[in-house]
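What follows is one structure encoded as structure tokens, with my remarks underneath.
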Protein chains: 2
Amino acid sequence: MSYTYLHPHPAVTTDIIVFTVQDDVLKVLLIQRLAPPHEGSWALPGGFVEIEESLDACALRELHEETGLEGIYLEQLYTFGEPGRDPRERVISIAYFALVPSDKLVLQPGSDASAVAWYPISALPELAFDHEKITNIACQRLTDKMEYSTIGLMFMSSEFTLSQVQSLYEVISGKPRDKRNFRKWLLSLDAIEETGRKKAEGAYRPAKLYRLKESKIVSNIR
Amino acid sequence: MSYTYLHPHPAVTTDIIVFTVQDDVLKVLLIQRLAPPHEGSWALPGGFVEIEESLDACALRELHEETGLEGIYLEQLYTFGEPGRDPRERVISIAYFALVPSDKLVLQPGSDASAVAWYPISALPELAFDHEKITNIACQRLTDKMEYSTIGLMFMSSEFTLSQVQSLYEVISGKPRDKRNFRKWLLSLDAIEETGRKKAEGAYRPAKLYRLKESKIVSNIR
DNA sequence: ACAAAAGTGTTACGAGTACACCCATGG
DNA sequence: CCATGGGTGTACTCGTAACACTTTTGT
């Protein structure tokens, strides 16, 4: 089966930069390519947009197919379309970024059995295509949005402590925060609420558990 | 001549939302469609991406071809790709927005003789495709960026007075600003400088003329 | 001299920052 | 009773907001 057009058409893909924080390190999800071009090297998950599928749906589908991840926060980032960024044909890629909470880290490599792994953002391997450039722009956007939106909460699992949130923010910004000021700020956002439960983890005082408020997903501050 | 692929490929276009401020009103540039679909109705300028042309270059080319505009500020906005947004075939559109200074308002309708006109954002006609949705998102982005970047200066002509800048900001935000505070803020951005010249326009004190500093094009504040 | 827009400083308020001690729990 | 992280309030600082009069020009 083949498809014919009067004018040349580019191929269209989505690529997804999936962030998480694991062991106090910001990481991105990469898959190892099995087929040329760039066979064997690491790349962002993604793939071709189907002809009757929305862009968002494509990103979600590719992510699910290649990693098993589902129900996570996704946002369009930027569209990359320089001629020559793929050696096979003209490819235009709509890049998305996604945030995975720490309790959904279990990956199921796709049916094509390619390897899937979390890489610390500070120790990325060489990436295929222009994926390094895309990753850099995604990092920039993530750190920007951490400052003026509640996006950081998308990294948290369903129940979490205030100290866990603080640790997350410190990891991503690379700077320590004052505990009292951070809590005052976080609670003033009106985005989380106590669950009433507590988390006892060791030989010390248990912490109150919080959850994201219904309806408050990601909002801008200021 | 025709082009054949193993899998279906969507068509890819750019659409450009061109803003300007004229007579104290925020306006966008529209062109009247001559061909189906939506023949006769108004739409955003734009068109198909050529196979060896970058997305930015496509937006600039289409804008020049259809309106004669050149050398203006352009920025990628968002990519729209819902199936069905164009009745002919699957079309994915990378939307850009552009800002035109008040001294470049002269339009040269494209060679296909379609009408080109500035419409106040508050009195748009019915638009073709999903262009109303795109326009709304562009307006949102514009007003957002006015708050945290120097993008507003892209509306100014090569030489301008501080009062003109203030008037511009008031028109877009819809709110009056304190003259002294506004000037303090504007000058603190370190983005403009005096030309040494003055503008005498009527029976009153002439205003100092300013220009954008070299190298400072658009930067974020905060 | 008057009409019209240009230009200019000081005070007040509020948000954000700095800072140190007591609490609850398990071992 | 001790070790460990959890939890809390106040004082200061700096940036933003409020506010009104003098200057320059053309008629």
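Protein chains get the first letters and strands the later ones, always in sequence-line order, with residue 1 at the start of each.
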Whole-Å gap separating [atom2] ([N]) and [atom1] ([X]):
| X | N | atom1 | atom2 | result |
| --- | --- | --- | --- | --- |
| B:Arg183 | D:dT16 | CZ | P | 19 Å |
| A:Tyr204 | D:dT4 | OH | C1' | 7 Å |
| B:Lys198 | D:dG26 | NZ | P | 11 Å |
| A:Gln166 | D:dG7 | CD | P | 11 Å |
| B:Leu189 | D:dG15 | CG | P | 15 Å |
| B:Lys199 | C:dG7 | NZ | P | 12 Å |
| B:Arg180 | C:dT8 | CZ | P | 12 Å |
| B:Leu186 | D:dT16 | CG | P | 14 Å |

Of A:Pro206 and A:Asp178, the one whose closest DNA chain D nucleotide lies more 5': A:Pro206
Check: B:Arg177/B:Ser167 side-chain N/O donor and acceptor closer than 3.5 Å: no
Pair A:Asp144-A:Gln140, side-chain donor/acceptor within less than 3.5 Å: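 Yes, a side-chain donor-acceptor pair sits under 3.5 Å.
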Under-3.5 Å donor-acceptor pair between A:Lys179 side chain and D:dG7 base: yes
Side-chain N,O (B:Ser163) to OP1/OP2 (C:dA6) below 4.0 Å: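 For C:dA6, OP1/OP2 do have a side-chain N/O of B:Ser163 under 4.0 Å.
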Pairwise 5' ranking along DNA chain C for A:Trp185 and A:Ala200, keeping only the more 5' one: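 Between the two, 5'-proximity favours A:Trp185.
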A:Tyr96 side chain near A:Leu77 side chain, heavy-atom distance below 4.5 Å: no
B:Met154 side chain near B:Val218 side chain, heavy-atom distance below 4.5 Å: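 The answer is yes; the side chains approach within 4.5 Å.
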Sugar-phosphate, base or nothing in reach of B:Lys184, heavy atoms under 4.0 Å: base
Touch class at under 4.0 angstrom, heavy-atom based, for A:Thr161 against every strand present: nothing
Nucleotide nearest [X] (side chain, heavy atoms from C-beta), chosen from [options]:
| X | options | answer |
| --- | --- | --- |
| A:Arg205 | D:dT23, C:dC23, D:dG26 | C:dC23 |
| A:Asn181 | C:dC19, D:dA17, C:dA6 | C:dC19 |
| B:Ala207 | C:dC19, C:dA6, C:dT25 | C:dA6 |

Minimum heavy-atom distance B:Ile134-B:Ala95, with the two atoms named: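 Answer, listing the atom of B:Ile134 first, then B:Ala95: CG2-CB, 3.9 Å.
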